[in-house]
Visitor: 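Before we start, here is the structure in question, set down as structure tokens.
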Amino acid sequence: ACASKPVKKETPPDWQSKQSALTKIDSWKMHARIGLRGTDRNGSASLIWLEAPERRSLRLLSPLGGGLVLLQQDATGASIQDSKGRVWHGQDAGELIYRVTGWQIPVSGLRWWLLGLAEPGSKAESTVDADHHLVRVRQAGWKVSLDKYTRFGEHELPTSIVFETVAARKDARYIRVKVIVKNWVID
């Protein structure tokens with residue numbers, strides 16, 4: 001009889017260690033598809049997100065029925081440029097997106113949710129699974145589900161993220177956004 005040697009399963013790092021490592025990621029590029037659903041309209045786009053210390057750039061291709069939108073944010077504020085060359089300026093990226101498009105997108109929270117973390121400094125109710133992945137968070141008026149993780153380099157990062165307002169689906173403020181991450185490059 002042949003005995004097989006038991007396979008030792010690698011123990012995942014504990015949640016605090018994983019959080020610490022993910023929090024240190026401050027420079028990355030991410031490609032995704034994004035779908036948005038509100039009470040009276042829907043849309044989708046390709047998303048390229050570039051994050052660097054003190055600077056962020058989001059490029060949406062064919063968003064919500066029209067061309068290219070470029071959102072940039074740094075310490076001085078945020079700007080959006082559309083495919084016609086029109087430019088809008090504001091202090092907060094999320095507020096600027098809402099003013100220009102009517103879509104409420106929590107850019108500051110999303111930056112952290114994309115990494116599988118709750119946004120620091122904001123009260124959150126979080127659920128972590130047995131593999132120490134954040135799978136649900138309720139934060140700043142948003143319900144977030146992180147349904148799938150994939151290894152990119154040294155890190156397992158979420159590749160399916162759904163966030164929606166806590167408002168009822170019939171409420172005009174309701175929005176549901178699904179992000180399917182295609183690729184990560186961590187600097």
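None of the values given here were measured: they were computed from a predicted structure. In this chain, residues are counted from 1 in sequence order.
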Visitor: Report yes if the side chains of Leu70 and Ser57 come closer than 4.5 Å at any heavy-atom pair, otherwise no.
Guide: yes
Visitor: Quick one: do Tyr149 and Val128 end up in the same hydrophobic cluster if we chain Ile, Leu, Val, Met, Phe, Trp and Tyr together by side-chain heavy atoms under 4.5 Å apart?
Guide: yes
Visitor: Do Arg99 side-chain atoms and His89 backbone N/O form a donor-acceptor pair below 3.5 Å?
Guide: yes
Visitor: Are side-chain heavy atoms of Val166 and Trp142 found at a separation under 4.5 Å?
Guide: no
Visitor: Provide the closest heavy-atom pair for Arg33 versus Ser46 in the form atom of the first, atom of the second, distance.
Guide: NH1-OG, 2.9 Å
Visitor: Heavy-atom distance under 4.5 Å between the side chains of Leu114 and Trp28, does that happen here?
Guide: yes
Visitor: Given side chain to side chain contact (heavy atoms under 4.5 Å, CB included), test Leu71 with Leu60 step by step and report yes or no.
Guide: CA-CA 8 Å; Leu71 168 71; Leu60 293 166; over 6 Å; no
Visitor: Between Arg151 and Glu154, is there a donor-acceptor pair closer than 3.5 Å when you use the side chain of the first and the backbone of the second?
Guide: yes
Visitor: Please name the pair of heavy atoms, one in Val137 and one in Ser126, separated by the smallest distance, quoted to 0.1 Å.
Guide: CG2-OG, 3.5 Å
Visitor: What closest approach, in Å, do Ala140 and Ser122 show between heavy atoms, and which atom pair accounts for it?
Guide: CB-OG, 4.1 Å
Visitor: NZ of Lys148 to CD of Glu156: how many Å apart, nearest 0.5 Å?
Guide: 12.0 Å
Visitor: When hydrophobic residues are tied together by side-chain contacts of less than 4.5 Å, even through go-betweens, does Leu50 share a cluster with Leu68?
Guide: no
Visitor: If you draw the axis of the six-membered ring of Trp103, does the NZ or CZ of Arg41 fall within 45° of it and under 6.0 Å from the ring centre?
Guide: yes
Visitor: With a 4.5 Å cut-off on side-chain heavy atoms, are His132 and Gln19 touching?
Guide: no
Visitor: Minimum heavy-atom separation for Ala118 and Leu134, please, with both atom names.
Guide: N-CD2, 3.7 Å
Visitor: Phe152: which residues meet the side-chain contact (heavy atoms from CB on, under 4.5 Å) condition with it, sequence neighbours left out?
Guide: Thr150, Leu157, Thr159, Asn183, Trp184
Visitor: Please report the shortest heavy-atom distance between Arg111 and Glu51, naming the atom on each side.
Guide: NE-OE2, 3.6 Å
Visitor: How far apart are the closest heavy atoms of Ser17 and Asp14, and which atoms are they?
Guide: N-OD1, 2.7 Å
Visitor: So, applying side-chain contact (heavy atoms from CB on, under 4.5 Å) with Phe163, which one of Leu146, Val179, Ile175 is it?
Guide: Val179
Visitor: Is there a chain of hydrophobic side chains (I, L, V, M, F, W, Y, each step under 4.5 Å between heavy atoms) that links Ile25 to Val181?
Guide: yes
Visitor: Between Trp49 and Leu110, is the side chain to side chain contact (heavy atoms under 4.5 Å, CB included) condition met? List the steps.
Guide: CA-CA 11 Å; Trp49 186 311; Leu110 183 55; 3.7 Å; yes
Visitor: Would you list the pairs meeting salt bridge (charged side-chain N to carboxylate O under 4.0 Å, His left out) in which at least one residue belongs to residues 68-82, sequence neighbours left out?
Guide: Arg55-Asp74, Asp82-Arg86
Visitor: Is the closest side-chain heavy-atom distance between Leu47 and Met30 below 4.5 Å?
Guide: yes
Visitor: Could you check Gln139 against Val144 for side chain to side chain contact (heavy atoms under 4.5 Å, CB included), going step by step and ending with a plain yes or no?
Guide: CA-CA 8 Å; Gln139 186 172 38; Val144 184; 5.9 Å; no
Visitor: Does one hydrophobic cluster hold both Leu58 and Trp88, with members joined at side-chain heavy-atom distances below 4.5 Å?
Guide: yes
Visitor: Is there any salt bridge (charged side-chain N to carboxylate O under 4.0 Å, His left out) pair reaching into residues 21-31, and which pairs are they, with sequence neighbours excluded?
Guide: none
Visitor: Linking I/L/V/M/F/W/Y whenever their side-chain heavy atoms sit closer than 4.5 Å, directly or via other members, would Trp15 and Val135 fall into one cluster?
Guide: no
Visitor: By side-chain contact (heavy atoms from CB on, under 4.5 Å), which residues pair with Ser108, not counting sequence neighbours?
Guide: Glu119
Visitor: How many angstroms lie between atom CD1 of Ile105 and atom CG of Leu36, to the nearest 0.5 angstrom?
Guide: 4.5 Å
Visitor: Report yes if the side chains of Leu61 and Ile48 come closer than 4.5 Å at any heavy-atom pair, otherwise no.
Guide: yes
Visitor: For the atom pair NZ (Lys178) and OG (Ser44), what is the distance rounded to the nearest 0.5 Å?
Guide: 13.0 Å
Visitor: Asp92: what forms a side-chain contact (heavy atoms from CB on, under 4.5 Å) with it, not counting sequence neighbours?
Guide: Glu95
Visitor: Identify, with sequence neighbours excluded, every residue that meets side-chain contact (heavy atoms from CB on, under 4.5 Å) alongside Gln81.
Guide: Val87
Visitor: Does His155 form a side chain to side chain contact (heavy atoms under 4.5 Å, CB included) with Leu22? I'd like the steps, not just the answer.
Guide: CA-CA 8 Å; His155 304 282; Leu22 293 172; 3.9 Å; yes
Visitor: Which distance, rounded to the nearest 0.5 Å, do you find between the CZ of Arg59 and the NE2 of His31?
Guide: 10.5 Å
